[in-house]
Amino acid sequence: MEIYLVGGAVRDSLLNLPVSEHDWVVVGATPEYMLENGYQQVGKDFPVFLHPKTHDEYALARTERKSGSGYNGFTCYAAPDVTLEQDLMRRDLTINAIAKSDSGELFDPYHGQRDIELRLLRHVSDAFGEDPLRVLRVARFAARFAHLGFTVAPETQTLMQQMAESGELEALTAERVWKETEKALQTQDPQVYFQVLRDCGALKVLFPEIDALFGVPAPEKWHPEIDTGIHTLMTLKIASTLTPEVDVRFSALCHDVGKALTPPQFWPAHHGHGPAGVKLVENICQRLKVPTHIRDLAKLVAEFHDLIHTVNKLRPETLLKLFDTIDVWRKPQRLEQMIMTSEADARGRTTFENNPYPQGDYLREAFKVASSISNKEVLDAGFQGIEIRDELKKRRTQALADWKQKQEVAS
């Protein structure tokens, strides 16, 4: 029996990146042997075991044969006669198909070290085309390693295009698509994930609402990049520099989906695209089973991001209505989330990338003024029942009006 460290741990150590998980492959063993030595088997599809002390995953060397459609359409063969090279062949990318022995020797039959040096994401074998999930995985790795200069190898790009055209991507479950997308949204360059998917034709299959934005023009005065799809990816990139929160990043991705609904005769204007996009956001989230808290923020951002750009011109009543609508009294974190997405939208434009966003400070101060009037203050004044809500609204509106007046005088 031989045990090797494989996959991401080997790859990341070669890239001088932190290693958080260790996966191992066991050559020459049987399930019975693993169980007799205290390993705990997990799952029914693959012979994977947890180490009795470290709880790292130890998988028996195996081969896979395509036997159906989709991600789960494989027959697995694991036996002592499966070699390390055979096990590594079933892996997706060459940079993930490197093994390391206990002595530190590297086994690299598919030249993953070379591709690390070349900064290429290249598939190991044609078996890559049998698993549609790998299209998303390559896009995710492209996003994760974009800052290191990694790109997709031309032959892998071609294979991904063929897979997108074959209809195999439609067999992917919503859970798998969202899981890969969520991981991609957590990377340093999440916009690369969606660009890679678009380049191979997968975006129109998995995210048609986003794909439809490419080729839709916006006024050049406000959007020198013109194309709404390009602006969307620029917005996502800016959002990723502002926060690691998936909620905000996903909302930035979806903020302008309503522009795809604008009839071409009205281009480049997009009046009412915010409210129009809410239903499209709902469709995306329902189809991919996006968590509720992410969906709710994305819908609010789609509807109100443009309003926040003009926040200094809003009447006190409108400001207060905005606070009520986004439920900032119970969920104060929403204020920063809305500000960050609107800032990302404003800066996600060619030549605007480094501009300040004073609307954010204005909205923070306005909320501070409004929230300084509390329920307790109204209760102490003797108001009861429905009068409390009306009086609270009246006092907050007046506080905002007084504050705005001072702002105008000072300017």
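When reading the values below, keep in mind they use all heavy atoms of this one structure, side chains included, and skip hydrogens, waters and symmetry mates. Quick caveat, the model's predicted, so the values are computed rather than measured.
The side-chain heavy atoms of Thr156 and Leu121, taken from C-beta on, include no pair separated by under 4.5 Å. In this structure, the side chains of Tyr193 and Leu136 come closer than 4.5 Å at one or more pairs of heavy atoms. Residues Gln41 and Met34 form no side-chain contact, since every pair of their non-hydrogen atoms from C-beta on lies 4.5 Å or further apart. The shortest side-chain heavy-atom distance between Thr232 and Phe214 does not fall under the 4.5 Å cut-off. Between Arg137 and Asn96 there is a side-chain heavy-atom pair separated by less than 4.5 Å. The shortest distance between side-chain heavy atoms of Ile95 and Phe141 does not fall below 4.5 Å. Contact of the Glu168 side chain with the Glu130 side chain is not registered, since no non-hydrogen atoms from C-beta on lie closer than 4.5 Å. In this structure the side chain of Glu343 reaches within 4.5 angstrom of the side chain of Arg347, judged on heavy atoms.
Pairs engaging residues 212-240 under the salt bridge (Lys or Arg N to Asp or Glu O under 4.0 Å) rule: Asp189-Lys237 [sequence neighbours left out]. The ring pair (Phe, Tyr, Trp, His ring centres under 6.0 Å) analysis of residues 273-294, with sequence neighbours excluded, yields the pairs His273-His305. Sorted by first then second residue, the side-chain hydrogen bond (donor to acceptor under 3.5 Å, both in side chains) pairs that include residues 203-216, not counting sequence neighbours, are Glu209-Arg287.
Between Asp87 and Ala61, the shortest heavy-atom distance links the atoms OD1-CA, 3.4 Å. Closest approach of Val281 and Ala302 over heavy atoms only: CG2-CB, 4.0 Å. The two residues Leu185 and Val246 make their nearest non-hydrogen contact at CD1-CG1, 3.9 Å. Nearest heavy atom pair, residue Gln157 against residue Cys200, reads NE2-N, 3.5 Å. In terms of heavy-atom proximity, Tyr362 sits nearest to Val311 at CE2-O, 3.6 Å. Phe352 approaches Trp222 most closely through the heavy-atom pair CE1-O, 4.1 Å.
Formation of a donor-acceptor pair under 3.5 Å by the Trp267 side chain with backbone atoms of Thr262 is found in this model. The closest donor-acceptor contact from the side chain of Glu2 to the backbone of Val27 lies at 3.5 Å or more, if one exists at all. Counting only distance, with no hydrogens or angles, the side chain of His231 and the backbone of Gly348 share a donor-acceptor pair below 3.5 Å. Checked by atom type and distance alone, the side chain of Arg144 never pairs as donor or acceptor with a backbone atom of Thr187 at under 3.5 Å. Listed for the Asp108 side chain is a donor-acceptor partner under 3.5 Å among the backbone atoms of Gln113. Checking side-chain atoms of His309 against main-chain N and O of Asp306 turns up no donor-acceptor pair under 3.5 Å. The backbone N or O of Pro154 lies less than 3.5 Å from a partner atom in the side chain of Thr158, making a donor-acceptor pair. For the pair Thr341 (side chain) and Met338 (backbone), a donor-acceptor distance under 3.5 Å is present. Without hydrogens or angle criteria, Glu353 side chain to Thr351 main chain gives a donor-acceptor distance under 3.5 Å. Of the possible polar contacts, none joining the His111 side chain to the Arg114 backbone as a donor-acceptor pair under 3.5 Å is found.
Surrounding CD of Gln407 are more than 12 heavy atoms belonging to other residues, nucleotides or ligands, all under 6.0 Å away. Heavy-atom contacts from other residues, nucleotides or ligands closer than 6.0 Å to CD of Gln333 number more than 12. The 12-atom threshold is not exceeded at NZ of Lys179, counting heavy atoms of other residues, nucleotides or ligands nearer than 6.0 Å. Around CD of Glu21, the count of heavy atoms belonging to other residues, nucleotides or ligands within 6.0 Å does not exceed 12.
The distance between the ring centers of Phe323 and Phe367 falls below 6.0 angstrom.
A distance of 4.0 Å separates CD1 of Ile339 from CZ of Arg364, quoted to the nearest 0.5 Å. Taking NE2 of His55 as the start and OH of Tyr39 as the end, the distance is 12.0 Å to the nearest 0.5 Å. In this structure, NZ in Lys259 is found 5.5 Å from NE2 in His270, a value given to the nearest 0.5 Å. Here the straight-line distance linking atom OG1 of Thr235 with atom NE2 of His255 works out to 4.0 Å at 0.5 Å rounding. Note that the CG atom of Leu392 and the CD1 atom of Ile373 stand 8.0 Å from one another [nearest 0.5 Å]. With values rounded to the nearest 0.5 angstrom, Gln161 atom CD is found 8.0 Å from Asp199 atom CG.
Between the side chains of Asp256 and Thr228, no donor N or O sits under 3.5 Å from an acceptor N or O.
Annotation: cation-pi geometry not satisfied between Arg389 and Trp329 (NZ/CZ under 6.0 angstrom from ring centroid, within 45° of ring axis).
With sequence neighbours left out, Phe128 forms a ring-ring contact (aromatic ring centres under 6.0 Å, His included) with His123. Partners of His22 under the ring-ring contact (aromatic ring centres under 6.0 Å, His included) rule, at least two apart in sequence or in another chain, do not exist in this structure. In this structure, Phe49 has no ring-ring contact (aromatic ring centres under 6.0 Å, His included) partners at least two apart in sequence or on a different chain. In terms of the salt bridge (charged side-chain N to carboxylate O under 4.0 Å, His left out) criterion, residue partners of Arg134 (sequence neighbours excluded) are, by chain and number, Asp131. When the side chain to side chain contact (heavy atoms under 4.5 Å, CB included) test is applied to Val205, the partners found at least two apart in sequence or on another chain are Leu169, Glu170. By the ring-ring contact (aromatic ring centres under 6.0 Å, His included) test, Tyr4 is found to be paired with Phe107, residues two or more places apart in sequence or in another chain being considered. Legend: residues meeting side chain to side chain contact (heavy atoms under 4.5 Å, CB included) with Thr397, ordered by chain and number and at least two apart, are Pro316, Glu317, Leu320, Lys393. For Arg249, there are no salt bridge (charged side-chain N to carboxylate O under 4.0 Å, His left out) partners at least two apart in sequence or on another chain.
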Donor-acceptor pairs under 3.5 Å, side chain of residues 13-20 to any protein atom, not counting sequence neighbours: which ones?
from, atom 1, to, atom 2, distance (Å)
Ser13, OG, Ala9, O, 3.2
Ser13, OG, Val10, O, 2.8

- [ ] Kindly determine whether Arg349 and Asp345 satisfy salt bridge (Lys or Arg N to Asp or Glu O under 4.0 Å), including the steps that lead there.
- [x] CA-CA 8 Å; Arg349 300 176 289 165; Asp345 176 34; over 6 Å; no
Task: Test salt bridge (Lys or Arg N to Asp or Glu O under 4.0 Å) applied to Asp324 and Lys321, step by step - done: CA-CA 5 Å; Asp324 288 340; Lys321 184 178 179 180; over 6 Å; no
Task: Intermediate values then yes/no, side chain to side chain contact (heavy atoms under 4.5 Å, CB included), Ile98 and Ile116 - done: CA-CA 11 Å; Ile98 308 171; Ile116 285 177; 4.2 Å; yes
